[in-house]
Amino acid sequence: MEKQPRLLSSKLVHKQRQVEVVLNSRILAWKEIESSRKRGSGLNDTSGTAHSRGVQVCEILAVQKTEEDESTNTRSQKKAKQYSLLYAHSFTVFYVKRTRQHQWRCSEVTFHCASQGLCEQWIQVIAEQLSLLANRPKSLLVYINPYGGKQCGQSIYEQKVAPLFHRACISADVIVTEYANHARDHLKTEANLDKYDGVVCVGGDGMFSEILHGLVSRTQTDHGVDQNQPDAVLVPCSLHIGIIPAGSTDCICFATIGTNDPVTSALHIIVGDSQPMDVCSVHHNNVFLRYSVSLLGYGFYGDVLTDSERKRWLGPARYDLSGVKTFLSHNFYEGTVSFLPAEDTMGNPRDKLRCRSGCHVCQHKPSSKDNQWEMSEEKEKFDKGDSSDWNVIHGKFIAINAASMSCACPRSPKGLSPSAHLADGTADLILVRKCSRLDFFRHLLRHTNKDDQFDHSFVEVHRVRKFRFQPQHQEPVSLEDLSETPKKTGFSPMCSAQTNCNYSSIHSSWNCDGEILPHTAIQVSVQCQLIRLFARGIEEQQPHCVFEDPCTLQALEPH
Ligand SMILES: Nc1ncnc2c1ncn2[C@@H]1O[C@H](COP(=O)(O)OP(=O)(O)OP(=O)(O)O)[C@@H](O)[C@H]1O
Ligand SMILES: CCCCCCCCCCCCC/C=C/[C@@H](O)[C@H](CO)NC(C)=O
Ligand SMILES: [Ca+2]
């Protein structure tokens, strides 16, 4: 459960700084030794040139008495052996090391001390500092999806994550799911959440969606909130969610830490990072359907998903095959989009203001936005069904995409809406009107390079708080109305001709974070900062220290 941070006395803050100063002075000293050694040996020294980024106590993962390592093969290990003969007592500090492309690794520094007492004193001081970091999880509930992505979730967790949790003294209750929605149902009803500081999802976006639904539904039920009310003000979840990426797209993980690397995610969980996130609630005729945190896509992405569901045996490659097939089909869909523009925001979808760690747009008191919204005339009009402030657009669309975050992912590193924000209470509504295949290809290609994917005459994008979609043709009320074999839970084109003609089929399906919605007429509302992830947003790319070998350092004299 959420812990109240204990106030650090000035004395403790001073001690925290002491540890950081000593730790960093020793690391820097080692770096100078290493760079002079390499200069002497003519080796290309990179560590000396990189800007050193000090190690903060909040990024120390653990401290422990050094385990004796008999192997003394390398030069620095031989040096370590010499020191260890002189300084018989030593301890090792494990800390976060930043490498390339937002990846983190667990690095270590070994300190040798002359006396056992001194060694134990340092271990105690550092361990005490770590124990004061109240945001760090000590107990986690972990759900592993063995089925998603390349079906490596269990091995990823056991080989890459569990050892790090163990080193950081984090206890984990692990459940390997046995069927779809196992995690969601367990969270909604059985799990005793008071035991845990957070929930961890090992899987892709669809698995995250299960955890999201389980946790949000449980929270609303516990607080007596009816999710079926489209206007219900939902209660934020108190437990953080961690993601260990083991899916195919992994865009939620990628967009919140900048990579889909399991070790990096595990380290963000261990240090207790916290990143608020917006959640879109989706209703159909005042009945709750689903939540979404990444993409609500109708048309192209809906059709890609529907087709790819039948190719799951291909793993992540299924999206590529279905993407080409859907692109060639070149379907478009007629309907009406209504939306409530987000007037009081700091940014807009084309301002190139990227959402990064410490984002000022997201920190722009979204709760006051909520209050503004709650107290605003807009909400009064919306509640009364008066949508005079709403914009209405009717047309034929190849794609209708609502991105409540950038949707950055390995396939598209800047994402569907590069300037969308994780926690600003809005979503970017992207309308791609009927156009030629070549024009649509150009638009798609711009998702993979630096060109502006919105700079087309047939594309418009709006930052919204709410939106609705009504297809031109009444959706079939039962499967019998479909002229074709129904898709998994979507709608088939009503046209009898199945040729690859440029026909406007009647209905697509909504892709909701990689799951298909059972209805096409929907109402969507952005719930500002409803959940929190063990993440910190994407850090601005920093030069990083590159320490090749674990370093051994001189004696340590605590002040
Ligand atoms: N044990 C299981 N057996 C079958 N399906 C499962 C199981 N556990 C979870 N699922 C379902 O598997 C689906 C896909 O999972 P996941 O999202 O992790 O992988 P993915 O679809 O390959 O990744 P992405 O969504 O990132 O593209 C989810 O809809 C989830 O509900
Ligand atoms: C001809 C070049 C084509 C390049 C196309 C690149 C566009 C890729 C954009 C991917 C955006 C993915 C948005 C995320 C959606 C997820 O919620 C969902 C579940 O993981 N994944 C998919 C693929 O629907
Ligand atoms: Ca948002």
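Ligands are counted one by one from 1 in listed order, and the atoms in each one are counted from 1 as well.
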Worksheet item: Does any N/O atom on Thr249 come nearer than 3.5 Å to any N/O atom on ligand 2?
Response: yes
Discussion item. Closer than 3.5 angstrom, by distance alone: can the side chain of His456 be matched with the main-chain N or O of Asp439 as a donor-acceptor pair?
Written reply: no
Response to the item:
If you scan protein heavy atoms around atom 18 (O) of ligand 1, the nearest is Gly204 N, 2.6 Å
Item to complete: Please identify which atoms of ligand 1 are closer than 4.0 Å to at least one heavy atom of Asp205.
Response: 17 (O), 24 (P), 25 (O), 26 (O)
Worksheet, complete the sentence: In ligand 1, the atoms that come under 4.0 Å of a heavy atom of Glu515 are 28 (C), 29 (O)
Worksheet item: the Ca ion (ligand 3) to Asp428: any N/O/S contact under 3.0 Å?
Response: no
Worksheet item: Is the shortest N/O to N/O distance between Asn511 and ligand 2 below 3.5 Å?
Response: yes
Worksheet item: Do the rings of Trp510 and Phe467 sit parallel, tilted or perpendicular, given the 30° and 60° boundaries?
Response: tilted
Practice prompt. With heavy atoms of Asp513 as the reference, note each atom of ligand 2 found under 4.0 Å away.
Written response: 17 (O), 19 (C)
Discussion item. So if I count the atoms of ligand 2 from 1 in the order they appear, which ones are less than 4.0 Å from some heavy atom of Tyr301?
Written reply: 7 (C), 9 (C)
Worksheet entry | Numbered atoms and elements of ligand 1 in range of Gly203, under 4.0 angstrom, heavy atoms | 18 (O)
Worksheet entry | N, O or S atom of Cys362 closer to the Ca ion (ligand 3) than 3.0 Å | no
Discussion item. Can you check which of Tyr179, Tyr147, Tyr143 brings a heavy atom nearest to atom 12 (O) of ligand 1?
Written reply: Tyr147
Worksheet item: Is the side chain of Ser357 donor-acceptor paired with the backbone N or O of Gly537 at a distance under 3.5 Å, no angle test?
Response: yes
Practice prompt. Below 4.0 angstrom from a heavy atom of Gly149, which ligand 1 atoms are there? Numbered from 1 as shown, please.
Written response: 19 (O), 20 (P), 22 (O)
Worksheet item: Quick check: does Met405 put an N/O/S atom under 3.0 Å from the Ca ion (ligand 3)?
Response: no
Worksheet item: Would Ser294 count as a contact of ligand 2 if the rule is a heavy atom under 4.0 Å away?
Response: yes
Worksheet item: What are the atoms of ligand 1, with element, lying closer than 4.0 Å to any heavy atom of Met207?
Response: 9 (C), 16 (P), 17 (O), 18 (O)
Practice prompt. Any atoms of ligand 1 less than 4.0 Å from a non-hydrogen atom of Gly247? List them with their elements.
Written response: 23 (O)
Worksheet item: In ligand 1, which numbered atoms sit nearer than 4.0 Å to a non-hydrogen atom of Tyr319?
Response: 27 (O)
Practice prompt. Return the residue, atom name and 0.1 Å-rounded distance of the protein heavy atom closest to atom 1 (C) of ligand 2.
Written response: Phe441 CE1, 3.2 Å
Practice prompt. Report the part of Arg312 in contact with ligand 1, treating N, CA, C, O as backbone and CB onward as side chain, heavy atoms under 4.0 Å; options are side chain, backbone, both, neither.
Written response: side chain
Worksheet item: Among the heavy atoms of Glu210, does any lie under 4.0 Å from an atom of ligand 1?
Response: yes
Worksheet item: Closest non-hydrogen protein atom to atom 8 (N) of ligand 1, residue and atom name please, with distance?
Response: Thr177 OG1, 2.8 Å
Worksheet entry | Nearest candidate to atom 25 (O) of ligand 1, where distance is taken over non-hydrogen atoms, out of Cys201, Gly153, Ser209, Gly206 | Gly206
Worksheet item: Which is closest to atom 21 (O) of ligand 1 by heavy-atom distance: Glu178, Lys150, Arg318?
Response: Arg318
Discussion item. Checking Asp261 against Arg105 for the salt bridge (Lys or Arg N to Asp or Glu O under 4.0 Å) test, could you report, in this order, the C-alpha distance in whole Å, the side-chain angles of both residues, the deciding distance, and whether it holds?
Written reply: CA-CA 10 Å; Asp261 168 62; Arg105 285 296 174 264; 2.8 Å; yes
Worksheet item: Do any N/O/S atoms of Ser404 come under 3.0 Å of the Ca ion (ligand 3)?
Response: yes
Practice prompt. Quick one: look up the protein heavy atom nearest atom 10 (N) of ligand 1 and list residue, atom name and how far away it is.
Written response: Asn145 ND2, 3.6 Å
Practice prompt. Would you check whether Asp205 has a nitrogen or oxygen atom less than 3.5 angstrom from a nitrogen or oxygen atom of ligand 2?
Written response: yes
Practice prompt. For atom 19 (O) of ligand 1, find the nearest protein heavy atom and state the residue, atom name and distance (0.1 Å precision).
Written response: Gly148 CA, 3.3 Å
